[in-house]
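Data first, discussion second: the structure below is written as structure tokens.
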Number of protein chains: 2
Amino acid sequence: MSGSGVRGTVTMHDVAAAAGVSVKTVSNVVNDYPHIRPATREKVQKAIDELGYRMNLSARSLRQGRTGIIGLALPELSLPYFAELADSVIRAAEARGVVVLIEQTGADRQHELDVLTSDRRQLTDGLIFSPLELGPDDADALKVDYPLVVLGERIFGGDWDHVTMNNVDAARAATQHLIDQGRRRIAVIGAHAGETMGSAALRVLGYQAALAANGIPLDPALIVEGGLWHRATGADCVARLVESGVEFDAIFGLNDALALGALHALHARGIDVPDPVAVIGFDDIEDAAYTSPTLSSISPGREQIAQEAVDLLLARIAGGGDPYRRVIADFTVVPRESTGV
Amino acid sequence: MSGSGVRGTVTMHDVAAAAGVSVKTVSNVVNDYPHIRPATREKVQKAIDELGYRMNLSARSLRQGRTGIIGLALPELSLPYFAELADSVIRAAEARGVVVLIEQTGADRQHELDVLTSDRRQLTDGLIFSPLELGPDDADALKVDYPLVVLGERIFGGDWDHVTMNNVDAARAATQHLIDQGRRRIAVIGAHAGETMGSAALRVLGYQAALAANGIPLDPALIVEGGLWHRATGADCVARLVESGVEFDAIFGLNDALALGALHALHARGIDVPDPVAVIGFDDIEDAAYTSPTLSSISPGREQIAQEAVDLLLARIAGGGDPYRRVIADFTVVPRESTGV
DNA sequence: TTGTATGCGTTATCAC
DNA sequence: GTGATAACGCATACAA
């Protein structure tokens, strides 16, 4: 009866006793230590099976100083892009034998700072961090003493690994796509006024570059501010755009949630898509393929980002003092009905 | 220099030495033990701050037999309903001082079974489990020796806590809502043929009950099978429905993803919503408020489900041998444009 | 109110 | 190739 059904009761000692070996030998077996006599291994395995032994991971963590858990800090899972990113990160982690602890920062600056120094960092071997509010001034806060991989381009050049995409080029490509469809009065929604390094600023830069490359004058009235990149913000941006009376024949949503909100607001006002107004988003979330009309977007290579991030983090955890790396994921333009393709 | 900046190097012993007390006293302070002399507490706190002491959670876990982590097993985060559920669970957990480890089962039966016996269960104090494939025959697999809260109504009457909603009544209300708008030929998409206990079966039951209560004959041709409740499945169901040539003036998507797929497929065929075809979904995901037209749905009290689940699990972890509970969350009908309201 | 000593289950360092 | 034993850092009887 001993231990059967009672959680965590069977220890290596029990297995060792049952198999007539020492605990070290049991440890060797469960850890696939190379030099074990087959007969010994078999004997131990038999005892393990019969007793239903499960390793106590807390004990192992204490001893090794590692938990086998990695942290993933992101704004919120109810934003489809981050839900899909989390999905990919969890899959990548599972394939590599680690599990993922998710923390939501709610796009709150203080919360983003807290997550870096939280007690929970004790529980994880490293952190994949996708900040939304921290900026260049917070670089010091990111100088932490555990393995860290930062997603996005908000903060450059620190002592940590970085996985991002080329926001400028991708936004330029999105804008160029609209221009290629004959659009000249292209509004961009979700801009962040004071920002210089965030995704918003970089994507607006790409937008401006595309206009310039095509000799299209930049009209500041077409750049619409919008804080949180939620659907509601996108709808609100379009409302303000329409009320302002400025003419436009296309909208570039700085992410898909904004673009979805835009589609909704345009529909509510009886403005058809793609004519007279074309719409493109950014992120290529699953929704984009199912809206009416379907939403053109930029696919940021989410799977690649997730895998690179996990690989970099695990390499860092494994202890390489390698130079910090900066991985730039590929993107592609995904044309759909909302841009008339 | 000792330990500063080097992770995990400062222990209770160091703090005790610095403060001139014993480790037990340090332990008392960090655990808010009531009877400590203020002067002592202050002295210890000062040493903690100066040394930058952080408790080693692995050591605590080993000692206490608890990790402070709860597991959440769900099909996949890229399904919006589950992403939003995870969001709510993480918030509820955080408010109660525990963190959440998410595992995706991919709606795969074997994977759902594996998650119940995985090594990872060693890492969590309990599990909130949302199965999609397990059925009544798998009840034995759910007889586990750790705290478990099951979401949904797939498996009844075991020795575990249960949080669900009244699927039958909710589906009846959804159907009744369509009937109230004058619909008589109501198709339902996403049905599961052999199933008797799952959400699909229960919701179809509610659908049938509503028809019967209104004297509307049941036409089997209006019940469309659809395995995975993804958007693509919803689109496919509608395609088959249209091709079958059967007349219909409304569609009840057994979840919102199916309904979104249906909206997409109807739009692609030039069939307007809500006239001639009204559509209602189930789950009330955020998307529903932003589709064109907006999607009527059933709100399942997701926040309530998450909080109840976490509370039940923590109570069970805390050790109550209380009788197993079954919590039924409230639902509401949310009428939007897709049903002509 | 605080200190001492022991053990949680594992891995690692040595011997043998 | 395998065994004895000492940590890992904390919580808790038990003692004082």
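Numbers restart at 1 for each chain; the letters A, B, ... are given by sequence-line order, proteins then strands.
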Just N and O in the side chain of [X]: are any of them under 4.0 Å from OP1 or OP2 of [N]?
X        : N       : result
Asn31(A) : dT11(C) : yes
Ser27(A) : dT10(C) : no
Ser22(B) : dG3(C)  : yes

Round to the nearest Å and state the distance from [X] atom [atom1] to [N] atom [atom2].
X         : N       : atom1 : atom2 : result
Ile48(A)  : dG9(C)  : CD1   : C1'   : 14 Å
Tyr33(A)  : dG3(D)  : OH    : C1'   : 13 Å
Tyr53(A)  : dT10(C) : OH    : P     : 3 Å
Leu123(B) : dT10(C) : CG    : P     : 14 Å
Arg60(B)  : dT12(D) : CZ    : C1'   : 13 Å
Met12(B)  : dA11(D) : CE    : C1'   : 8 Å
Asn28(A)  : dA4(D)  : CG    : P     : 14 Å
Asp14(B)  : dC10(D) : CG    : P     : 9 Å

### Side-chain heavy atoms of Ile102(B) within contact of Ile90(B), under 4.5 Å
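Yes, their side chains come closer than 4.5 Å.
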### Query
Thinking salt bridges, do Asp119(B) and Arg54(A) make one under a 4.0 Å N-O criterion?
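The answer is yes: the pair qualifies as a salt bridge.
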### For DNA chain D, the residues among residues 37-44 of chain A that have a non-hydrogen atom under 4.0 Å from it
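Going residue by residue through residues 37-44 of chain A, the ones with a heavy atom under 4.0 Å of DNA chain D turn out to be Arg37(A), Thr40(A).
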Minimal non-hydrogen separation, [X] against [Y], with atom names:
X         : Y         : result
Pro147(A) : Leu313(A) : O-CD1, 3.6 Å
Leu62(B)  : Asn56(A)  : CD1-ND2, 4.1 Å
Val44(A)  : Val26(A)  : CG1-CA, 4.1 Å

The side chain of [X] is closest to which nucleotide in this list: [options]?
X        : options                   : answer
Lys24(B) : dA11(D), dA12(C), dT4(C)  : dT4(C)
Arg63(B) : dT11(C), dA13(D), dA11(D) : dA11(D)
Ala59(A) : dG1(D), dG9(C), dC10(D)   : dG9(C)
Val23(A) : dT5(D), dT1(C), dC10(D)   : dT5(D)

### Query
So, the side chain of Glu76(A) versus the backbone of Asp87(B): is there a donor-acceptor pair under 3.5 Å, distance only?
no
### Query
Want to settle it: does Met55(B) or His13(A) sit nearer the 5' end of DNA chain D, counting the closest nucleotide to each?
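Comparing both residues, the 5'-ward one is His13(A).
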### Query
Which of these, Val15(B), Val10(B), Asp14(B), sits in a side chain to side chain contact (heavy atoms under 4.5 Å, CB included) with Ile48(B)?
Val15(B)
### Message
Classify Ile36(B) by what it touches in the nucleic acid, base, sugar-phosphate, or nothing, heavy-atom distance under 4.0 Å.
### Response
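Sugar-phosphate, no base atom in range.
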### Task
Could you check whether the rings of Tyr33(A) and His35(A) sit parallel, tilted or perpendicular, using 30° and 60° as the cut-offs?
perpendicular
#### Entry: Pairwise 5' ranking along DNA chain C for Leu62(B) and Thr25(B), keeping only the more 5' one
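Counting from the 5' end, the first nearest nucleotide belongs to Thr25(B).
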